[in-house]
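Given the structure is predicted, the values throughout are model-derived calculations rather than measurements. Numbered from 1 within each chain, the chains take letters A, B, ... in sequence-line order.
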Number of protein chains: 2
Amino acid sequence: MTKDQTVVRPGEAGGQAFERVLRWVDDRILSGELRVGDHLPPERELAKTLGVSRAAVREAVRTFQAQGVVRSAVGAGAAAGTTVTAVPAHALTRLLRLHVALANFPLPDVVEVRISLERLSARLASRHASDDDVDGMRQLLDHMAQPGIEREEFNDADTAFHVAIAASAGNLLAADLTAAMRESMRLPILDRFRRIDGWEHVIDELRHDHEAIYAAITDGQADDAARLVEDHIRRAWQTLGVGAPS
Amino acid sequence: MTKDQTVVRPGEAGGQAFERVLRWVDDRILSGELRVGDHLPPERELAKTLGVSRAAVREAVRTFQAQGVVRSAVGAGAAAGTTVTAVPAHALTRLLRLHVALANFPLPDVVEVRISLERLSARLASRHASDDDVDGMRQLLDHMAQPGIEREEFNDADTAFHVAIAASAGNLLAADLTAAMRESMRLPILDRFRRIDGWEHVIDELRHDHEAIYAAITDGQADDAARLVEDHIRRAWQTLGVGAPS
DNA sequence: AGACGCTTAGTGGTCAGACCACTAGATCGA
DNA sequence: TCGATCTAGTGGTCTGACCACTAAGCGTCT
């Protein structure tokens, strides 16, 4: 029994080594001491400071990386090291996609939440969409309008269209959540696309819906845009979810 | 230049070692091969299988842990090892809280999204809330009704009340997101609570709002509940955001 | 025969120390 | 002056070891 510092000392240590690192960084972010663009101390130094191994520090860094909160880069100079960032979109997408795949979030639930968010996005986009935003949507619509387009290609453009609306909403959280939500449904939707019989009919319906949404947004008709988006998602989901028509 | 296997071989390796582990687990979750309750191989075995070090495996596991997708436990037997789980609430909360603290998601944006989600939650709760759910809300309301309650205690009960509504909605995603959203605003709101002058007046207004929401939910008035929740959040936010009255 | 206690194997948690790949900037040379 | 080279500091990775914990097997004692 030579150990006397491995014993849990609530006042200072507290649980796992890598959690000490988590808390150290957490505290500094929540208190505003660490801001976007700031550097974390080098791993070796942080390990020494907190009295843990470098491996523990790295595990904690991976945690923050998974949350889109830091970015690591090798090399020397200002660009190198571990930097505080704020790119949650990817992290949110990953998280939702995994949990959707685990059937923890049933698709009908996701659809319902998605409707809420996309209603908001469409409403905001009607007011804030810039000319560039509108151009981007137009291009996606034209792309989806190509005759004989493959289902996967259409699905990607469809996803991009909904994401474009969210991105132009001027509300980053709504945009990121909407994008993550639609992205997390990409595979399940594509699966259903592949199984569908009346593909040509379905795709025409989708195109029509999209055009109407586009028109409402460019006209600044927020209420219409919200309603059309909801109808669109519900209709599409019913078509895809229940099964192929006829 | 003796290295010849460290060179990037896109077909098999591909980037960082721990990313290989990420992809391995990702693939198996997205394909449905790994389901909730299943075990990952032991770290040592997985490391050997993928040709990486155990440290790389651990970093990847931390990533999934941060997303609420796996749970690790030491020991022997069926309960030990790394298990696939699905507890995204904590992960979502952490993620949002950090990004809100980094001011990546401005509070007004969060409020707007929160309104959308809580409208949905309130609407669903009006239809699905069980007797137990209602009891829980009632207790929280009674707790908040205590005269002379501390601001922090009130804030916690307030958070819990909104979370309780979300939890009774029967839509896990909406519930988790709503909870994460409100939780991520806990500190900022508490800060504003502390700065407020007309505290007694404010708290009475909040109590009144809550009672009205509670009544609408228990009466099954979905539209009313949604409207009341929106009004409540907007009013509270205006009171807290703009500054103390008079 | 049963209940209790000990041993054991296998798991994640942690650590120390080493080397590699990469990069910006300093240094040195033509 | 400008280019090539060197250097220091960073994250990325690996190895091999030990610790703490837990369930289950095994034994002994009652």
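- We find that CZ of A/R58 is positioned 5 Å from P of D/dG12, with the value rounded to whole Å.
- Distance from the side chain of B/A55 is smallest to D/dC14 among C/dG13, C/dC15, D/dC14.
- Distance alone, capped at 3.5 Å, is enough to place a donor-acceptor pair between the A/H39 side chain and the A/A78 backbone.
- For the pair A/R20 and A/W24, the cation does not sit on the ring face, since its NZ or CZ is not both under 6.0 Å from the ring centre and inside 45° of the axis.
- In this entry the distance linking CD of A/Q16 with C1' of C/dT14 reads 10 Å, nearest Å.
- Residue B/G81 is the one, among A/A79 and B/G81, whose nearest nucleotide of DNA chain C lies closer to the 5' end (criterion: closest heavy atom).
- With C/dT11, D/dG11, C/dG13 as the candidates, the nucleotide lying closest to the side chain of B/S72 is C/dG13.
- With 3.5 Å as the limit, one finds a donor-acceptor pair spanning the side chains of B/D133 and B/S130.
- Among the atoms of the strands shown, only primed sugar atoms or phosphate atoms (P, OP1, OP2) are found under 4.0 Å from some heavy atom of B/A73.
- Distance CD (B/E59) to P (C/dT14): 13 Å, rounded to an integer number of Å.
- Here the nucleotide nearest the side chain of B/A76, chosen from D/dG12, D/dT22, D/dA8, is D/dT22.
- Summarising the geometry, the separation between CZ on B/R44 and P on D/dC14 is reported as 16 Å, rounded to the nearest angstrom.
- Comparing D/dC14, C/dA16, D/dC21 by their nearest atom to the side chain of A/S53 picks out C/dA16.
- Under a 4.0 Å N-O distance rule, the pair A/R54/A/E59 does not qualify as a salt bridge.
- No contact: B/A80 has no heavy atom under 4.0 Å from any strand.
- As a whole-Å value, the separation of B/K48 NZ from D/dC14 P is 15 Å.
- Counting to the nearest Å, the C1' atom of C/dG13 and the CG atom of A/L22 are 14 Å from each other.
- Backbone-only engagement by B/R62 is indicated by non-hydrogen atom pairs under 4.0 Å involving sugar-phosphate atoms exclusively.
- A/E19 has its CD atom 13 Å from the C1' atom of C/dG12, to the nearest Å.
- Not one side-chain nitrogen or oxygen of A/T82 sits closer than 4.0 Å to the OP1 or OP2 atom of D/dT10.
- Contact annotation for B/V52: backbone-only contact, meaning every heavy-atom pair under 4.0 Å involves sugar-phosphate atoms and none involves a base.
- Straight-line distance from the CD atom of B/E45 to the P atom of C/dG10: 12 Å, rounded to whole Å.
- Within the 4.0 angstrom heavy-atom criterion, only backbone atoms of the sugar-phosphate kind lie near B/G77; the bases stay farther away.
- Note on ring orientation: taking the six-membered ring where Trp is involved, the planes of B/F154 and B/H210 are parallel (angle under 30°, cut-offs 30° and 60°).
- The base of D/dG12 lies close enough to the side chain of A/R54 for a donor and an acceptor atom to sit less than 3.5 Å apart.
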